[in-house]
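The structure appears below as structure tokens.
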Amino acid sequence: MPPVTPLWCLWSLAIAATPPPTGLETDLDRIDATPEAPEQLEATRLEDRLLRLARPDQPVSLAIGDTVFLETELNLDAPPQPRAIVSSFKSSKPGLLVLPVVTLEDQSSGKKRKVLLRYSVRNTGLVGTAKLELRLQVSLQFSKNEAGAAIQDVALLLNGQLATPTLADVEDDKRAFLLFQARAEEAYRGLPTLHDYLRLDRVDRPPTAAGLKSEQRPLLERFIGARLYADIALARLRAAADHPDPTLADAAVLALGSLSKKPNSVAKKARAIEGLTNLQALDAIRAALLDLRIDEAEGFLDKLRNSGRLNRAELTAGLELEAGIHAMRGRRELARVALGRSLCLEPGRTSTLDRPFFQRLAEEAKSGGCTQALRIIQTQAERQVTTDGPKVSVVSTFGPDPFRLVSGGEIQIWGSGGEVHSAEKIRTSEDGTRLEAEFSDNGELENYAGQVLVKVVLRDLSGVPIATFGDPDPQPLDLSGEGGGGLGLPWYGWAIAGGVLVVGAATAGIIIAASQGETRGIGPVGVTF
């Protein structure tokens, strides 16, 4: 097991600030010191994979995502007081992240003091099998006496080999994250008074020792150590997801998606999109998904999809993002359905998710997708005689909808007396091709020409309008069942036309109305004589 000091310092530097000494530097050799059961042996193996200690004179093998701690010793003429500080560092090798850490060992030898330097070197983008040569230039600033300070430059050379991660490495990193994140969660539950300081979803600044109860220290040490291991494993997976080898990259993306079954802290994550427009929220979801922050992306999308305020174009974009989330979670059939629905709303749509993982998914979906946009094909009205009296049946046929996006909708008849007769929350037919409703024929459904004015709205499960007929103006349908009859005028045109006819035969109209006890005008618009 490597020493603890580089772990604590890496954890501090990961948030771009070194906290003051707390006296809580974790001795990871004591963490989970249980009998060497098979589970513990596996944990030890995973720990050793994550944290490797090397010296500059030892060649290292560094694959993308790998982290190695580099250790060297220096003799300084003056004792650093109280500690040496890294004031600057640089790397001659782009693609590597170098986190310099300085620790001291008080081993005096005359006027010499031994300073132990440790660097965490993380490969963030170098691939291939080329030789690795990393030059580090570090400036150490330390107190020479109370009146001044001295600076000493240190040059280090790291030699090694670039390696390629394997599918087994990806699986081990996934196992390591799940193991150590679970240990961190267990310790976290025992530290309720520190929840304002500690985070389970990322490495964060630790609390100070002030006010910390002595009995909490072992648990805090366990949390810090386990959370750091989990963070390194997560960084390795994220780096592997950017590997040019598609098989390896896809495996890493799927591993990241499987680290949780559903979003953690859903309500808190969802609040981040409050106050955003729909397009801004979709952009935030897309950014999180491309960055492989799966919990955040899913939490955002759940809130937006259930808001009931999307239009058809926004739903199309949301379905593509939903497909990406399902794909990352390993739910390929759900991903296929969501992406298929998106393409039925907008055939030929170009994916906005430019990661190769998502692009390959989009290409697969196009082969079995819709060739034309989902729409209402035909709407018919028919009078029927039933045992319950006369009925008017309205049937609206739509398609193509092979992925059953349309869940239901509503059908309205705008009656002759100005009333709107609605059949809402209708479910689609069993074959997913029709929406139909039946209205009692009370004699007030037809206009003067024996037609009904109809409006139809198709909706998905969350209530988003998918397609409409008779919007914004209801359309006249012959009761013979042939849709779109007459002159195709809007409802108020038919009402006005009816009014003109009534005026032209005022006496007859009044007599008929009087004999039938009718008190309302013809059509939704009242007509004055």
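The structure presented is a predicted model; accordingly, all values stated were derived computationally and were not measured. Side chains are part of it too, since the values below use all heavy atoms of this structure and drop only hydrogens, waters and symmetry mates.
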**Report entry** Audit row: D242, R355, salt bridge (charged side-chain N to carboxylate O under 4.0 Å, His left out) steps and yes/no
**Finding:** CA-CA 9 Å; D242 292 323; R355 270 188 175 272; 3.0 Å; yes
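- Of all heavy-atom pairs between A251 and L167, the closest is CB-CD2, 3.6 Å.
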Query raised in the report: Would Q451 and D478 satisfy side chain to side chain contact (heavy atoms under 4.5 Å, CB included), going step by step from the backbone distance to the final call?
Result: CA-CA 5 Å; Q451 297 172 316; D478 293 329; 2.7 Å; yes
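- Between F469 and the choices L477, L458, V394, the side chain to side chain contact (heavy atoms under 4.5 Å, CB included) rule is met once, by L477.
- When every heavy atom of P465 is checked against every heavy atom of R459, the shortest pair comes out as CG-NH1, 3.4 Å.
- Between R183 and E186 no salt bridge is recorded (no basic side-chain N to carboxylate O distance below 4.0 Å).
- Annotation: side chain of R227 is in contact with side chain of D231 (closest heavy-atom distance under 4.5 Å).
- Residues L220 and L198 are in side-chain contact: their nearest non-hydrogen atoms beyond the backbone lie under 4.5 Å apart.
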Requested in this report: Please report the C-alpha distance between E320 and S351 in whole Å, then the side-chain angles of each, then the deciding distance to 0.1 Å, and finally whether the side chain to side chain donor-acceptor pair (under 3.5 Å) criterion is met.
Outcome: CA-CA 8 Å; E320 181 193 21; S351 175; 2.7 Å; yes
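- Shortest non-hydrogen contact noted between I466 and D460 is CG1-N, 3.6 Å.
- In summary, E298 and R329 engage in a salt bridge, as defined by a charged side-chain N under 4.0 Å from a carboxylate O.
- Residues R305 and L319 meet the side-chain proximity criterion, which asks for heavy atoms closer than 4.5 Å.
- Remark: D401 does not engage R341 in a salt bridge, criterion side-chain N to carboxylate O under 4.0 Å.
- The pair D250-R360 meets the salt-bridge criterion, with a side-chain N (NZ, NE, NH1 or NH2) lying under 4.0 Å from an Asp/Glu carboxylate O.
- Annotation: side chain of L289 is in contact with side chain of M328 (closest heavy-atom distance under 4.5 Å).
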Report task. Begin from the C-alpha positions of F358 and L321 and carry the test side chain to side chain contact (heavy atoms under 4.5 Å, CB included) through to its verdict. Result -> CA-CA 10 Å; F358 300 120; L321 298 175; over 6 Å; no
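- One finds no salt bridge joining D172 and R236 here, because no Lys/Arg side-chain nitrogen approaches an Asp/Glu carboxylate oxygen to under 4.0 Å.
- A donor and an acceptor atom, one from each side chain of S429 and D431, are located under 3.5 Å apart.
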Requested in this report: Given side chain to side chain contact (heavy atoms under 4.5 Å, CB included), test L259 with L234 step by step and report yes or no.
Outcome: CA-CA 9 Å; L259 297 182; L234 184 63; 3.7 Å; yes
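- There is no side-chain donor-acceptor pair under 3.5 Å between T316 and R349.
- Side chains of R49 and R175 form no contact here, defined as non-hydrogen atoms less than 4.5 Å apart.
- Between E364 and the options Q359, R336, R332, a side chain to side chain donor-acceptor pair (under 3.5 Å) holds for only R332.
- In this structure, the separation between CD on Q280 and CD1 on I285 is 12.0 Å, given to the nearest 0.5 Å.
- Looking only at atom types and distance, the side chain of S422 has no donor-acceptor partner in the side chain of E410 under 3.5 Å away.
- Between Y188 and H195, the two ring planes are parallel [angle under 30°; tilted spans 30° to 60°].
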